[in-house]
Amino acid sequence: MNLFGEIRDNILAELAAMMREGALPAGLALENVAVEPPRDPAHGDMATNAAMVLARPAGMKPRDIAAALAQRLEGHPRIRSAEVAGPGFLNLRLAPGTWGELVEAILAAPEAYGRSQMGRGKRVNVEYVSANPTGPLHVGHSRGAVFGDALAALLEYSGHEVTREYYINDGGAQVDVLARSVYERYREALGEAAEIGEGLYPGDYLVPVGKALAEKVGARWLGQPEEVWLEEVRAFAIEAMMRLIREDLALLGVEMDNFFSERSLYDSGRIEAAIEALSEQGLIYQGVLEPPKGKMPEDWEPREQTLFRSTAHGDDVDRPIQKSDGSWTYFAPDIAYHFDKISRGFDRLVDVFGADHGGYVKRMKAAVSALSGGKVELDIKLIQLVRLFKDGQPFKMSKRAGNFVTLRDVVEQVGADVARFVMLTRKNDAPLDFDLARVLEQSRDNPVFYVQYAHARVRSVMRRAEAAGISPGAPLIEDAAEVTLARKLAEWPRLVEIAARGHEPHRVAFYLYELASDFHALYNRGNDHPHLRFVQDDAAATSAKIALPLAVSIVISAGLGILGVTPVEEMR
RNA sequence: GCUCGCGUAGCUCAGCUGGAUAGAGUGUCGCCCUCCGAAGGCGAAGGUCACAGGUUCGAAUCCUGUCGCGAGCGCCA
């Protein structure tokens, strides 16, 4: 049951009828007709801007359209009244029985409530984390991981077919550095002194990798030149790092559907094929780029390179895909990778990148636009930095990895549920201050606690009812606080669609906070007004009262499920 | 210099693809404990939505410019 969707359908049907009957000009576009919760509850249960949106194209006065629409809507069983307000709003009040029906519908099909068909038949690839396989994940990665994971869940919830994907950057120079670093640990494991020179990865996490390598191959690479061992050590090290990364992701409850290796693109002709696809469109050429405007790099000199004409698809300058020595830039395999995604038949791609990849957005979109003939939309979500604090003081820790706070550190301190929720209480493009102490406080300014507390309160009430042998019956929703709460429940399906459309999982977190707030308000009113308590003296009254909180817990559960947070049964 | 993002209450932030009197938390002040605990609830005060123009019935939201903060800016990934 999607009340906002249902009422909007009613309104669209009436508008269509008005067009048929000549009350409105035919052929008006209706996409912009919205049905929203009014900001001021005094304005009713729902409001539509239909008359104002249509006034101009129809050449009519908004209030006239609204009045005509109001008259037609008055007959609908779900609508108690429709009145024109302000410049042409139409404020709707729903029939009093609606809220009870809504709660009943939620209880009847808890899994279904809020799920949407908006993504039906749409295949989406969400790429996230994609950290270099050179070490454990750090805090910054964890925010991207949580965001991508919640977004994927949100898209699934709204009916999309989703693939969660990790792009392994195992093709560049950094994995050679990794191999050399592991080689030093390998020597160390065999009793020699490791020489972790400048530019190598110093982290302790490579010690066991070197040891495992020593156990596997023995001493045969000792004293050998790099050409002998580099390739095999690299493969060994990458595999070990990916195992480490998967473990880190598992700590956060993140599981990928697919790991895609950059290296697999090399020496397989796939990069060449992608570039060829661009070349066929005349988008590849040999040329010399203009120097960057303003700041001139000291060593800048004109250089002829193979370039991608990304400006033809909205970029600011064309981009190099080959270095001057003829080898690929990192952009080339990325083009091939996205070409691969397109060829796998996805309708939409989402890349979740760190904010330092901001300069990369336009060229990647240009590539996808060109390679898909404009058919596949690429959305790139940039994740801003996480600033860690503890009790208000900047937090630095380096026990595992040398110089950064790892994802594991954070999860060990606060737990996966808290980490996930907190990271989703901010828009992805806003920096996030994460205080390891504050997020464990049990107070209203800690949204994790507040939402969980609401859920625990409901569960407690339900346990109490169950102990008395009472199960939820036909809901009775009368009091203003009850109606407010039911109204908030009615917004859930609409919220899901808005959040999914905008790729904005943080909206779910904020919604849950609001829902919890309305619930706590009602709960507390029970202190002053015993008739509002969920558990009543007689069984019939209790049965009617507990339906609403149960519906609340169902929606909280569903919302937390999208965020990847486990709802708790009780507070500890 | 150019590109992108951000600028909303003292502080931390929402603001639903342009809507009605811009909302929460926190902090300050007042009131309220038999369901899960006051770890909560109710209320008051607190705003030039950075600034200046523009678009229109209507702008925090869209456009232009200015200022401020952050990130990025031809062989690095």
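Every chain is numbered from 1, with letters handed out A, B, ... down the list of sequences.
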Peer 1: Once hydrogens and angles are ignored, does a donor-acceptor distance under 3.5 Å link the base of B:U34 to the side chain of A:Arg533?
Peer 2: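 Answer is yes: a donor-acceptor pair is held.
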Peer 1: Would you mind telling me which residue lines up with the more 5' stretch of RNA chain B, A:Met571 or A:His357, judged by nearest nucleotide?
Peer 2: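 Closer to the 5' end of RNA chain B: A:Met571.
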Peer 1: Both distances under 3.5 Å, Watson-Crick or G-U wobble: report the partner of B:U56, or none.
Peer 2: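 Per the H-bond distance test, none.
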Peer 1: If we ignore hydrogens and angles and just use 3.5 Å, is the side chain of A:Thr484 paired with the main-chain N or O of A:Asp518 as donor and acceptor?
Peer 2: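 No.
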Peer 1: Checking A:Gln305 against A:Tyr285 for the side-chain hydrogen bond (donor to acceptor under 3.5 Å, both in side chains) test, could you report, in this order, the C-alpha distance in whole Å, the side-chain angles of both residues, the deciding distance, and whether it holds?
Peer 2: CA-CA 8 Å; A:Gln305 292 175 284; A:Tyr285 68 101; over 6 Å; no
Peer 1: Is a donor-acceptor pair below 3.5 Å formed from side chain A:Arg494 to base B:C16, judging by atom type as modelled?
Peer 2: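 Pair found.
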Peer 1: Using a 4.0 Å cut-off on heavy atoms, which residues in residues 324-334 of chain A reach RNA chain B? List them by number, or say none.
Peer 2: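 The stretch gives A:Ser324, A:Tyr330 as the residues lying under 4.0 Å from the strand, ordered by number.
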Peer 1: Write down the partner of B:G70 under the Watson-Crick or G-U wobble criteria, each distance required to be under 3.5 Å.
Peer 2: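 B:C4 - that is the nucleotide pairing with B:G70, both distances being under 3.5 Å.
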Peer 1: Mind checking A:Arg426 for me? I need base, sugar-phosphate or nothing, with any heavy atom below 4.0 Å counting as a touch.
Peer 2: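 Here A:Arg426 touches the backbone only, sparing every base.
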Peer 1: So what does A:Glu514 touch, heavy atoms closer than 4.0 Å: a base, only the sugar-phosphate, or nothing?
Peer 2: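 The answer is nothing, as A:Glu514 stays clear of every strand by at least 4.0 Å.
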Peer 1: Remember a base hit wins even if backbone is also touched, and classify A:Ala34 as base, sugar-phosphate or nothing at under 4.0 Å, heavy atoms.
Peer 2: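 If one applies the 4.0 Å heavy-atom cut-off, A:Ala34 turns out to touch nothing in the nucleic acid.
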Peer 1: Which nucleotide, in any strand shown, forms a Watson-Crick or G-U wobble pair with B:C76, with both distances under 3.5 Å?
Peer 2: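 With both distances under 3.5 Å required, B:C76 matches none.
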Peer 1: Please name the nucleotide paired to B:A24 by Watson-Crick or G-U wobble geometry with both distances under 3.5 Å, or report none.
Peer 2: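 Here B:A24 is engaged in a pair, and the nucleotide opposite it is B:U12.
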Peer 1: For the side chain of A:Asp356 and the base of B:G72, is some donor closer than 3.5 Å to an acceptor across the two?
Peer 2: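 Under the 3.5 Å cut-off, the side chain and the base do not form any donor-acceptor pair.
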Peer 1: Under 4.0 Å: is that the gap between some side-chain N or O of A:Lys362 and OP1 or OP2 of B:C73?
Peer 2: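 Looking at the OP1 and OP2 atoms of B:C73, neither is under 4.0 Å from any side-chain N or O of A:Lys362.
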Peer 1: Is there a Watson-Crick or G-U wobble partner for B:C51 with both distances under 3.5 Å, and which nucleotide is it?
Peer 2: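 Because both required distances fall under 3.5 Å, B:C51 counts as paired with B:G65.
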Peer 1: Partner lookup for B:C29, please. Criteria are Watson-Crick or G-U wobble with both distances under 3.5 angstrom; report none if nothing qualifies.
Peer 2: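 Partner of B:C29: B:G43.
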Peer 1: Check this for me: does the side-chain of A:Asn49 come within 3.5 Å of the base of B:A20 through a donor and an acceptor?
Peer 2: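 Counting by modelled atom types and ignoring angles, no donor-acceptor contact under 3.5 Å is found here.
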